[in-house]
Novice: 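The structure under discussion is supplied below as structure tokens; questions concerning it will follow.
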Protein chains: 2
Amino acid sequence: MSKGSEQVGSGCAMTGAGVVRVGRGSVKIEAPVYICESASVVGKKESEGPLGDLFDRVEEDDLVGGKTWEEAESNLQKKAVEILLDKAGLSAEDVDVMYAGDLLAQSMASNFGLGSFGIPFYGLYGACSTCGESLGLGSLALLSGLAERVVCVTSSHFASAEKEFRYPLEYGNQRPLSASWTVTGSGAFLLSAKQDGIKSQPRARIAGLTVGQMIDSAFKDSMNMGACMAPAVASTLERHFQDFGVEPEAYDKIITGDLGKVGQRILFDLMDEKGYDITKQHMDCGIEIFDGATQDTHAGGSGCGCCAVTLSAYILRQVESGLWKKVLFVPTGALLSKVSFNEGNTVPGIGQAVVIEKI
Amino acid sequence: MSKGSEQVGSGCAMTGAGVVRVGRGSVKIEAPVYICESASVVGKKESEGPLGDLFDRVEEDDLVGGKTWEEAESNLQKKAVEILLDKAGLSAEDVDVMYAGDLLAQSMASNFGLGSFGIPFYGLYGACSTCGESLGLGSLALLSGLAERVVCVTSSHFASAEKEFRYPLEYGNQRPLSASWTVTGSGAFLLSAKQDGIKSQPRARIAGLTVGQMIDSAFKDSMNMGACMAPAVASTLERHFQDFGVEPEAYDKIITGDLGKVGQRILFDLMDEKGYDITKQHMDCGIEIFDGATQDTHAGGSGCGCCAVTLSAYILRQVESGLWKKVLFVPTGALLSKVSFNEGNTVPGIGQAVVIEKI
């Protein structure tokens, strides 16, 4: 047994302590799971939006020092993790496990951006929901005793996503008003149950999870992903409210990422049918990050980076300051590939809910 | 709070009980985590190999009743889960969370094959290591208290993988002897700490994990993935032996998936350099599943389905019967995409280690 061995909680029953299972894939987390630190890196367009002043770093160069769009996105993830570790006063060796993902085929941005850290790694894919998935799985890593410190990171890049899913940029295709604009950015988060050795103060705690179901409502329009994803968010929200025995008013904000303006309207209608009015609490990262009136971003921002950088730069500040005491954060993914789209398939959606509270 | 609510382990410290952290991303699991049941579905070629009689189901139709290769692979995953639930006497509603992945862009096989089960879902990507990743994360779901029953499923399909990564089948490209043959198949596993409500007897227990690091040794040959992955396996094995304080002799078998014959030779050399002789214990799922002499599969089988169906059909039988009391199962992924390959990038590897013991 190595020097670092330690026995944790050997006197207990097998399941995690301070965890209350309240439904299928739904848990209240009473044990400490802190978002100890976070970091955000964005591109120029994002820096010109309403949240522009809040991000840790702005990359003026679209290629982020790389030679390809994919390398650019890898570099965004790498920089987000470097800034995160620097803010926390940690080195990569201080982190037990890393959870990461992006939108590219075979999670290329993560696989090429993060290897050099040498942190034991679990790769994820949940489209734009991956940020919520990584925070959920990172919480479980702490609660199960696998890890003491976890890093969760996701990214997207406008140009690599357009290349992967739609048309070459040079083609200059028209975009309908329902289309979203993939955010160029990466957000990284450090989770731990303890502050030991971390120089910054914990920013918020994760107090619950509802794992999303894949919902296929037979929409097929890759230029209207809000419509494809809204039913999945509605499903997760309904399950969450029922499992936790709460109403929307339990939260200061219910934050999706990234439905955009079209998806938001559909979500309101779907929730109304289910008997919930979330119009007062609802906020969408895709709507917040750009100024639709002046930035030509149509329905709003999207991508694995959108809700990650919005959480890091904006949402956590609001929670930290106490302006919002408790929020339900529901990153939302459109599960399509260019192959499935070209084969005429539908676009299923998924929404991963994470309860984030002021400490 | 819903009817199903229950408090689990509220008297304990925050970390999981019966879990001993022995290194970065390495845990001994003393709490019960059982592989309660498993299922395997394969194609015709796999049924003609040395393990052919052991699989639960053989699909004679390459398209598995679908219209595209991707739909075929989705159907493999769906059938594997259906057989799994049937063998266990459960319905989909009895499962809390599902972890799944495949090799296709944006995990298309899982996203389209599994949605209809309605099981809360976490999507994964770790190339051929995904089977190990899913078993690891599934174990953590039980240990953390998120779930009482977890399904883990992975798949690959020869034709969808050739289309995704290499050439159209109609092109009839030559394959060097170092190339592997992607297995058409899907393996599914039911994990739980309890046998309550499950009609079959538990098959084995998961007794430890070592989470893999991404290792990039600057190999670039997508027709020699064994060479690309061997350094990652060597890294995981060395960390595992050190963290757990054991020698290779602690295991009846050390099972990689899927290095093939070329990767195996490289692994032996690399382990020899690190001071470990694993030649007596080593077995590779890619070498086992096909008869290289008669099936024209060159270095061996590969793909997310290869080690999953080999674990389900062969390895678990050997452990169950007591022929092997303890094995180290290390699914191994080559982290490339066709984009990264065409951009001249390297092929990093990752190996996810899972300790599987006789109950």
Side-chain angles (χ1 to χ4, degrees), chain A residues 1-2 4-10 12-25 27 31-32 68 70 96-97 105-108 111-112 115 118 120-126 133 137 140-141 143-146 193 211-214 216 242-243 245 335 337 339-340 343 345 348 350, chain B residues 1-2 4-10 12-25 27 31-32 68 70 96-97 105-108 111-112 115 118 120-126 133 137 140-141 143-146 193 211-214 216 242-243 245 335 337 339-340 343 345 348 350:
Chain A
M1 199 180 290
S2 79
S5 302
E6 57 179 290
Q7 179 84 23
V8 278
S10 61
C12 309
M14 70 74 48
T15 41
V19 173
V20 185
R21 198 162 61 84
V22 292
R24 277 173 87 202
V27 280
T68 64
E70 293 77 18
D96 293 309
V97 186
Q106 286 80 33
S107 303
M108 191 178 155
N111 293 344
F112 288 92
F121 183 80
Y122 279 137
L124 311 179
Y125 188 79
E133 180 179 357
L137 290 170
L140 302 182
L143 293 165
S144 65
L146 171 69
V211 184
Q213 294 172 334
M214 293 190 279
D216 189 342
Q242 290 179 353
D243 290 346
L335 300 168
S337 74
V339 176
S340 66
E343 288 178 351
N345 267 337
I350 191 164
Chain B
M1 200 180 291
S2 79
S5 304
E6 58 180 291
Q7 180 83 24
V8 278
S10 61
C12 309
M14 71 75 47
T15 40
V19 173
V20 185
R21 200 161 61 84
V22 293
R24 275 175 89 203
V27 280
T68 64
E70 293 78 18
D96 294 309
V97 186
Q106 286 81 33
S107 303
M108 191 177 156
N111 293 344
F112 288 92
F121 182 80
Y122 279 136
L124 312 178
Y125 188 80
E133 180 179 357
L137 290 170
L140 302 182
L143 294 165
S144 64
L146 171 69
V211 184
Q213 292 172 334
M214 292 190 279
D216 190 341
Q242 290 179 353
D243 290 346
L335 300 169
S337 74
V339 176
S340 65
E343 288 178 352
N345 267 337
I350 191 164

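All chains are named by letter (A, B, ...) in the order of the sequence lines, taking the proteins before the strands, and each is independently numbered beginning at 1.
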Novice: For the residue pair B:Tyr122 and A:Leu124, establish whether any side-chain heavy-atom pair is separated by less than 4.5 Å.
Specialist: no

Novice: May I ask you to say whether A:Arg21 pairs ionically with B:Asp96, meaning some side-chain N is under 4.0 Å from a carboxylate O?
Specialist: yes

Novice: A:Gly118, A:Gly115, A:Pro348: which one forms the most heavy-atom pairs within less than 4.5 Å of chain B?
Specialist: A:Gly118

Novice: Applying side-chain hydrogen bond (donor to acceptor under 3.5 Å, both in side chains), name anything that partners A:Asn345, two or more places apart in sequence or on another chain.
Specialist: none

Novice: Could you look at B:Glu70 and say if it's the side chain, the backbone, both or neither that has a heavy atom under 4.5 Å from chain A?
Specialist: side chain

Novice: For the backbone of B:Pro120 and the side chain of A:Gln213, can you confirm whether one donor and one acceptor N or O come within less than 3.5 Å of each other?
Specialist: no

Novice: Between B:Ile350 and chain A, which part of the residue has a heavy atom less than 4.5 Å away: side chain, backbone, both or neither?
Specialist: side chain

Novice: Do you know which of A:Gly212, A:Ser107, A:Gly126 has the most heavy-atom pairs with chain B at a distance under 4.5 angstrom?
Specialist: A:Gly212

Novice: What pairs with B:Phe112 under ring-ring contact (aromatic ring centres under 6.0 Å, His included), at least two apart in sequence or on another chain?
Specialist: none

Novice: Pick whichever of A:Val339, A:Val27, A:Leu140, A:Val97 has the most heavy-atom pairs under 4.5 Å with chain B.
Specialist: A:Leu140

